[in-house]
Amino acid sequence: MQTVTLTPKRSPVISIEAEMITPDVFAGKSDAEIGAIPAWEGNEEITLADVFDVAVDGSADAAGTKIIIDGNVPRVKRIGEAMTAGEIVVKGDVDMRCGALMSGGSITVEGNADSWVGREMTGGEILVKGNATYYAGGGYRGETCGMRGGKLTIEGDVLDYLGEHMCGGEILVKGNARLLPGVLNWSGTITIEGDTTLPGGEMKSGTIFVKGKVLEMLPSYKDEGTEEVDGVTYRKYTGDLSRNGEGVLYVSV
Amino acid sequence: MAEMIIKNGVVYDPKNSVDGEKNEICIKDGKIVDNVGAGAKVLDAEGCLVMPGGVDGHTHCAGKINTARIMSPHDMRYSPIPGLSGPEPRTKLLRPQVGYNTPNTHAIGYRYSKLGYTTIAEAAITPMMARHMHEEFESIPILDKLALVLMGSNWQVMQYIQDGDSEMLKSYMAWALLASRGYGVKIVNPGGGSNWTWGKNVTGIDDKVIDFDVTPADILIGLAEANEALNLPHSIHVHCNNLGVPGNLPTTLDTMKLLERVKASQDRQVMHLTHMQFHSYTGTSWMDFASGSDQIADYINKHDHLTFDMGQMIFGPAMTMTADGPTEYRNARMFDAKWSNYDQELEDAGGIVPLAYTPQHFAHATMWSIGLELALLVKDPWKVMFTTDNPNGGAFVNYPEGQVLLMSDKKRQEVIAGFPDMTMDRISLPNIDRELDWGEMTVMTRSMPAKMLGLEEKGHLGAGADADVAIYDVKPDKVDVSVEHEAVKKALGFAKYTIKGGEIVVRDGDITALPKGKVYWVNAYENGIVQTEKDRLITDLEERFKKYYSMQFSNYMVEDAYVPRPVEVRPEVA
Ligand SMILES: [Zn+2]
């Protein structure tokens with residue numbers, strides 16, 4: 001078991017590209033080695049030691065490595081990008097693309113996550129205890145596939161385009177989701193415990209559960225009557241018919 | 001008086017009947033010469049393969065590609081071929097690079113140069129789009145460039161053909177080349193682009209074009225005859241009707257037969273047929289679709305009035321972009337892909353759809369096979385240009401892959417072994433064991449495209465040619481390409497030296513200098529059209545601009561400032 005604790009030393013104004021903060025990169029490295037890893041702050045090349053105090057306890061492979069970011073890092077992007085194993089715990093907020101492309105392991109964000117949390121993730125788990133903003137579990141700009149696997153849980157609210165272009169995996173939002181969750185979806189399951197607006201726009205297939213209210217419904221969904229799933233009665237819709245979609249939208253009654 | 005002599009190279013220069021000989025190549029002031037002085041800089045080729053600089057006679061590198069870039073931010077991060085794709089940071093010499101199918105302009109220049117290519121032809125622009133295209137040309141470094149101008153669904157062209165007014169047709173074609181600073185005449189899905197304005201298409205060369213009393217056949221013959229009457233260096237360059245449609249073989253054969261009656265004004269084809277792979281399908285639907293390459297090849301082997309290029313497919317992500325608007329609409333619907341589509345006023349249509357080709361899909365596997373079959377079944381390499389219809393069939397950085405496929409039956413069989421069974425009775429490639437040699441490859445990638453385009457100073461290494469030379473880390477007398485295809489592919493992707501206009505622009509696969517390239521264009525108007533005909537044309541055009549165009553006539557023509565290093569070609573007037 002290896003524990004790496006990163007304690008923020010300052011609050012940068014310009015975002016820091018930190019795709020190297022992963023168990024895969026940190027595994028087996030000393031505090032000095034991790035501190036010397038280069039990163040970009042805007043157009044300036046810095047090291048992790050410029051931003052964090054680094055403390056390392058033990059040594060292990062990626063699966064046995066836990067990274068604790070002991071504070072708020074709302075301007076540190078791409079934490080946990082493409083990680084395959086291990087654990088990251090952030091005791092505060094994170095900037096965009098946390099956990100993008102991750103395939104294994106787990107990330108816990110105790111504060112809020114900015115846009116594109118879990119972008120294109122294929123495996124592993126992300127838990128955001130606060131809110132997330134746009135495109136949670138979404139895709140890369142221009143791609144036709146967003147999240148493909150794994151599980152993304154957001155205990156608070158999310159803004160627009162939750163699970164955009166989703167191709168697999170599972171998303172759970174315990175609060176509300178704003179506009180167009182599941183837009184352009186191919187597959188996967190989204191559950192929204194709160195309210196939302198215009199779910200499933202241009203959804204091709206996939207499943208969306210809305211346990212709160214749908215504040216505005218797309219006209220291009222077909223009402224299929226009621227259906228009970230896991231003891232809850234929903235009104236079932238299929239669509240989006242504007243795209244000959246076969247997606248299923250369950251709205252609690 | 002910059003002089004250079006390349007020694008110890010194994011030289012392939014088919015136009016001058018040099019087939020793998022240890023000739024010296026002398027360069028002076030950017031040109032190939034017969035000899036140089038004792039003080040000339042010596043470049044030791046160390047027994048490596050030496051060819052003229054590559055000529056890509058059909059690529060989509062400026063114009064529409066910009067819309068494709070906007071549509072595909074994701075392409076910017078693709079890097080299937082390290083060193084020739086994907087994001088690369090700025091260096092002291094180079095701009096940053098991104099992309100695979102739609103790289104930024106600078107990357108296009110760098111990467112073609114690394115491949116040993118020195119001249120490229122943008123295959124499809126409307127005159128309306130030409131100014132923008134020249135702006136992109138200006139930021140593609142190193143390479144010489146030219147553009148083919150779309151005329152096959154142009155209202156003026158169709159009107160003058162309908163009127164039987166061959167003089168007006170000639171005048172307009174010459175004027176459109178001048179207005180675009182263009183080099184040759186491109187015809188895409190003749191008539192179909194115009195019908196697409198009304199959501200329709202044509203299904204063969206004898207359909208009527210809506211609102212004009214002409215057929216695709218009339219357009220082809222009209223433009224071909226006027227092209228020859230103007231004595232243009234390039235023939236008409238044709239993308240047939242029914243691209244990508246199962247059973248389009250008869251349309252392609254009809255088009256080839258139709259042109260038999262046109263006489264060439266000079267020693268070249270009367271028609272170049274592009275991306276033939278997409279036009280060689282038998283069957284009636286995707287269910288019974290199969291290769292028609294044997295019938296196409298048989299026809300081409302028996303006739304000498306046309307040339308073609310492969311449009312070879314490369315597996316992986318591609319970006320289709322064509323003036324064939326209805327085809328792109330069909331692609332978008334068939335693959336549920338995102339698309340852009342446009343109608344360019346009186347001039348043509350167009351569309352863009354990103355696709356991906358996979359060897360696991362029988363249709364893609366069949367299309368991949370057809371491109372190779374065509375190039376291997378046609379006996380005379382001077383009738384075949386190597387292309388992928390970049391980036392429609394695949395990105396140009398895959399040219400080494402495609403070239404090695406033509407040279408190694410073993411490599412082909414390795415790929416075919418992974419095809420689904422449903423492919424096997426649709427293709428003939430498994431039974432074709434021909435392997436092209438270096439001389440034939442030099443023809444298909446250099447000498448033939450230069451001759452086909454009428455670029456006399458390109459595609460060869462004789463005295464008077466531009467000193468565009470590619471040297472690859474391949475020892476032709478020692479390597480068996482059939483077996484060592486991976487090593488050869490790597491060498492073809494990263495030239496040991498690329499020399500452009502006498503200057504070393506690539507050394508050991510890295511860019512070393514960034515000269516600006518020339519832009520070839522054809523002025524058949526100034527001397528080629530008499531004043532009374534010019535007056536008649538301009539009067540008519542002014543009226544048409546007032547009635548139909550969104551642009552002012554006075555703002556239309558590309559100004560000289562957009563073409564700072566022109567090579568103006570003036571055809572001899574008959
Ligand atoms: Zn093309």
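Just so we're on the same page: letters track the sequence lines, and every chain starts at 1. Atom set for the values below is all heavy atoms of this structure, side chains included, hydrogens, waters and symmetry mates excluded.
- With a 6.0 Å radius and a threshold of 12 heavy atoms from other residues, nucleotides or ligands, K222(A) has its NZ atom at or below the threshold.
- Within the 4.5 Å cutoff, no side-chain heavy atoms of R141(A) are placed close to those of R77(B).
- Within 6.0 Å of CD on E33(A) lie more than 12 heavy atoms contributed by other residues, nucleotides or ligands.
- Of the two parts of D336(B), the backbone and the side chain both hold a non-hydrogen atom closer than 4.5 Å to a non-hydrogen atom of chain A.
- R10(A) CZ: more than 12 foreign heavy atoms inside a 6.0 Å radius.
- Within a 6.0 Å sphere centred on CZ of R243(A), other residues, nucleotides and ligands contribute more than 12 heavy atoms.
- Salt bridge annotation for E202(A)-K338(B): absent, with no cationic side-chain nitrogen under 4.0 angstrom from a carboxylate oxygen.
- For K490(B), the NZ atom sits in a loose shell: 12 or fewer heavy atoms of surrounding residues, nucleotides or ligands are nearer than 6.0 Å.
- At a heavy-atom cut-off of under 4.5 Å, chain B is reached by no residue from residues 161-170 of chain A.
- With contacts defined as side-chain heavy-atom distances shorter than 4.5 Å, the pair T144(A)/H74(B) does not qualify.
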